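All ligand and atom numbering here is 1-based and tracks the order in the structure. All values reported here derive from a predicted model rather than from experimental measurement.
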Amino acid sequence: MPRHHDNGISNPSSNPTFEDIDRQRRTLLKGGGAAFAVAICGVPMAMPFLSNSALAAPPPSFADVGPIAFSNIAPSTDDAVRVPPGYLASVLYAWGDPVSSGPAFKQDASNTAAEQALQSGMHHDGMHFFPFWNTAGAFPVASSTHGLMAINHEYTDDGLLHTDGMKTWSAEKVKKAQAAHGVSVIEVRHEAGGWQVVRPSNYGRRVTAASEIGMSGPVAGTAAVKTAADPAGANVLGTINNCANGATPWGTYLTCEENWNLYFVNSSKNMTPLEKRYGIDDKGAGYRWQEFDERFDTAKHPNEAHRFGWVVEIDPFDPTKKPVKRTALGRIKHEGAVTTLAADGRLVVYMGDDERFEYIYKFVSRYVCVPSNKEACAQLLDEGTLYVARFDADGTGTWLALEHGKNGLTTANGFADQADVLVKTRLAADRAGATKMDRPEWISVNPHNKDVYCTLTNNSQRGTAGKAPTDAANPRASNVFGHIVRWAERAADSAALSFEWNIFVQCGDPDLGVAAKAGDIKGEARKFGSPDGLWFDERGVLWVQTDVSTSVLNTGDYAAIGNNQMLAANPVTGEFRRFLTGPKGCEITGVTSTPDLRTLFINVQHPGETASERSDPDKPKLVSSWPDGAAGGRPRAATVVIRRADGGIIGT
Ligand code: FEO
Ligand code: CA
Ligand code: CA
Ligand code: CA
């Protein structure tokens, strides 16, 4: 849906250069670095059922980023996916495609709600490739030709989802919309004809806004999450607005509930302070679920909204296992949940809260992660400490514990206990004194040195009347193009309580001839804005995906930037190259690869979106017919497979 946009002026940062800090730390890491890299390389992939002694064979060794060698491509406004010469892009899994041996997609959108529940949901976002492992040899080997994909379906455009859009409205339409939300798990295999979804598959399944999902952690079973339908406060129906993601060392998927507030309406018009803080109002965003599913009316079911805004863990390898909402990770508008390991082996999860002036969080588990013990690992996400970041003007930062009794989170200040702190995570972070950021989206950890990068997509309101002023970490007023901040945890330990930070890049377009909007992008890409998706591959290349709001895409400041795109950056030199451009009206989001880096998967979300799409949902506006072409009709979000024609490593 149309997002935030504005014009911006710049206030260049005067922070010390990051490379100085980086060089020192690199020197410190030398020696033990190689073994470290191997251990970390295994982290984002599923490595289930392995004992610690049975270490996996090391993935391809990437001592450093090396050259990013593909040809930078030009911005594009074509209704197509463009990639550099020598690369091939093909569609793997589009909205409506069956998960397993389910019903086929009907281009007139006449599939029923029951059929939709067996098909790909709408508007793909974060995703992860979980390889199968071959354990026959001396070392288990992760497959780069066969695995499971978990894919988020962030939201629906009801104008496209139903044959007559929202001209009529019914319980069946609400059911279909709910079935088009959530997550897909699909089995994928590379065969002679390329990558295919395996059908039928014992793993293929959908988790939707109506699926049964458990709750765990400090909030589970407490009064705040008990409802008439679930007096135990332990079973939620559904997960919604699943935006970005993460994956655990023990091979499970983390899916994150972002703009969940938009589905709720308080029909009494008497919003509580907590509802206001999370953006629940008396209108909602037009999903109209409450008309046929009254749990989405908080006047009737005040606790239902407390059951959303969490990170949800799904085991893709066990379709019988119920997903679980992990409440220890806090209740925010979760963008993603990126995992890494601390120096002592504890699990660390980095998370952004994507809204203007919201915060960056991290969770540190109480216990050490032993990936071979899946049962024990399941509890790592239930016990630990949630922190929120404060970025100081001198280039240092502090992690503030959101722990009852600390940092002002006391009963006297309105926080009854730790469960209360977590339900009110945003209020707790306000009280603790966190730094208000320019919309934290994706976070990624550099596999070579543990530096952490976070996209701050934009904030048109920064420095405007009545809003927070600029600060060192958010230096541009009316920050229309956004930036990427990065930090180095003390001693390169992800569990550290302090860090040093700098701004990696300020986005913009130097050809506008306006210094405040020029940005400081190095390399041939020269221009891009609204960085959103962010991901380090195992080699250490930083991939950046953009989400310029459709309401400003290819107009005004964004006239020469083209459709949303994906770029590759060298984190050492800061140079960017444009790798991919998407079709009209889309956002590029979601990125994962096979362990050999020879196949890259990305998602094209909301192709064909127009600025007025949700305000006039009666009829779809077909400004795009991607991926099916004119003969098809309705544009469809889809997962795209990218390979090199010669089968080589992506980006080299
Ligand atoms: Fe769903 Fe913040 O992107
Ligand atoms: Ca996003
Ligand atoms: Ca975005
Ligand atoms: Ca999106």
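Using a 30° and 60° split on the angle between ring planes, Y278 and W260 fall in the tilted class, from 30° to 60°. Ring geometry for Y453 versus F536: interplanar angle over 60°, hence perpendicular rather than tilted (30 to 60°). Ring-plane geometry between W399 and Y387 is classed as perpendicular, the angle between the planes exceeding 60 degrees on a 0 to 90 degree scale with a lower cut at 30.
Without hydrogens or angle criteria, N458 side chain to S530 main chain gives no donor-acceptor distance under 3.5 Å. A side-chain donor-acceptor contact under 3.5 Å links N152 to the backbone of C243. Under the 3.5 Å distance criterion, the side-chain polar atoms of K527 are left unmatched by any main-chain donor or acceptor of Y558.
Sorting the N, O or S atoms of E258 by how far they are from atom 1 (Fe) of ligand 1 puts OE1 first.
At a cut-off of 2.8 Å, D125 does not coordinate atom 1 (Fe) of ligand 1 through any N, O or S atom. Metal site remark for atom 1 (Fe) of ligand 1: E154 contributes an N, O or S atom at a distance under 2.8 Å.
Salt bridge absent: K333 and E154 never bring a charged side-chain N and a carboxylate O closer than 4.0 Å.
For the Ca ion (ligand 2), the set of protein N/O/S atoms nearer than 3.0 Å consists of E335 OE2, E441 OE1, D532 OD1, D532 OD2, ordered by chain and number.
Put simply, the residue from R82, R578, Q545 that forms a side chain to side chain contact (heavy atoms under 4.5 Å, CB included) with Q565 is R578.
Seen from the Ca ion (ligand 4), atom OE1 of Q605 and atom OE1 of E154 lie 90° apart in angle, a value rounded to 10°.
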